Amino acid sequence: MNAPTETALQQDTATLYERLGSRPGIEAIVEDIWNNHVSNPLVNKRYANSDPATVKRLVTEMCCAGFGGPETYTGRDMITTHKGMNINDTEFVAVCDDVLKALDKHNVGKRERDEVLCILYSLKGDVVYQ
C-alpha cells in the first residue's frame, strides 16, 4: 500500500477557499459569474440597476468567508437582501447554472463544484420567494 503524498494530504485538508485559489481565484470566478448573470435572459433584469463593483465585491466577500477564507462578509443577510424580490425556482436554478458554468470555465473539480452547489442550495430558503 502506498502512503499518500504530501500534496494529496494537503489537498484533503485544504479549505474550499484554498482549493479555489484563495481570494484571487474566487475573484476571477465571481467576475465570470457576474458576466454569466448579466447575459442570462432568465435573470439579467435582476441586475439591471445594480452596481457591478459592489455586487462583485460582496459576492467575493461572501464566497471567501463562506468557503473558509479569512475575509469578513460586510453585506446584509440573504433574507434581508432578497426580501420583496419574489425570486422563483427557475431564477434560482438559472443562477446556480451560471455559477456552475463559471466553475467549469476555471476547471474547478467535481468535489469543489459539489461543495459550492451544496452551499448554494443551503441558501435557497433565504432567497426564493422572500
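If you're wondering where the values come from, they're calculated on a predicted model, not measured in any experiment. Side chains are part of it too, since the values below use all heavy atoms of this structure and drop only hydrogens, waters and symmetry mates.
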* Does the distance from a Lys or Arg side-chain N to an Asp or Glu carboxylate O, for D114 and K110, drop under 4.0 Å? -> yes
* Asked: When you measure from the side chain of E71 to the backbone N and O of E61, does any donor-acceptor pair fall under 3.5 Å?
  -> no
* Asked: Quick one: does I29's side chain get under 4.5 Å of V108's, heavy atoms only?
  -> yes
* Asked: Is it the case that one hydrophobic cluster holds both I79 and L120, taking links as side-chain heavy atoms less than 4.5 Å apart, direct or via other members?
  -> no
* Structure fact -> Heavy-atom closest pair (C96 atom, L117 atom, distance to 0.1 Å) is CB-CD1, 4.3 Å
* Asked: Got a second to check how far I26's CD1 is from C63's SG, nearest 0.5 Å?
  -> 6.5 Å
* To do: Find the distance between CZ (R46) and CD1 (I87) and round it off to the nearest 0.5 Å.
  => 5.0 Å
* Structure fact -> Rounding to 0.5 Å, atoms CZ (R19) and CZ (F67) come to a distance of 10.5 Å
* Under the side chain to side chain contact (heavy atoms under 4.5 Å, CB included) criterion, do Y17 and R23 qualify, and how do the steps go? -> CA-CA 8 Å; Y17 172 83; R23 188 175 183 107; 3.8 Å; yes
Do any side-chain atoms of residues 30-37 form donor-acceptor pairs under 3.5 angstrom with protein atoms, and if so which ones, sequence neighbours left out?
{"residue": "E31", "atom": "OE1", "partner": "K56", "partner atom": "NZ", "Å": "3.0"}
{"residue": "E31", "atom": "OE2", "partner": "K56", "partner atom": "NZ", "Å": "3.2"}
{"residue": "D32", "atom": "OD1", "partner": "K105", "partner atom": "NZ", "Å": "3.1"}
{"residue": "D32", "atom": "OD2", "partner": "H106", "partner atom": "NE2", "Å": "2.5"}
{"residue": "N35", "atom": "ND2", "partner": "E31", "partner atom": "O", "Å": "3.3"}
{"residue": "N36", "atom": "ND2", "partner": "D32", "partner atom": "O", "Å": "3.2"}
{"residue": "N36", "atom": "ND2", "partner": "D98", "partner atom": "O", "Å": "2.9"}
{"residue": "H37", "atom": "ND1", "partner": "D98", "partner atom": "OD2", "Å": "2.7"}

Identify all side-chain donor-acceptor contacts of residues 123-130 below 3.5 Å with residues at least two apart in sequence or on another chain.
{"residue": "K124", "atom": "NZ", "partner": "D89", "partner atom": "OD1", "Å": "3.1"}
{"residue": "Q130", "atom": "NE2", "partner": "G125", "partner atom": "O", "Å": "2.8"}

* Structure fact -> Between E91 and V43, the two heavy atoms sitting closest are O-CG1, 3.7 Å
* Do M62 and M78 have side-chain heavy atoms sitting under 4.5 Å apart? -> yes
* **Closest non-hydrogen atom pair between V116 and V99, with its separation** => CG1-CG1, 3.9 Å
* Is the side chain of T80 donor-acceptor paired with the backbone N or O of R76 at a distance under 3.5 Å, no angle test? -> no
* Any donor-acceptor N/O pair, R113 side chain to L103 backbone, under 3.5 Å -> no
* Structure fact -> Rounded to the nearest 0.5 angstrom, the CD-CG distance for E112 and N107 is 11.5 Å
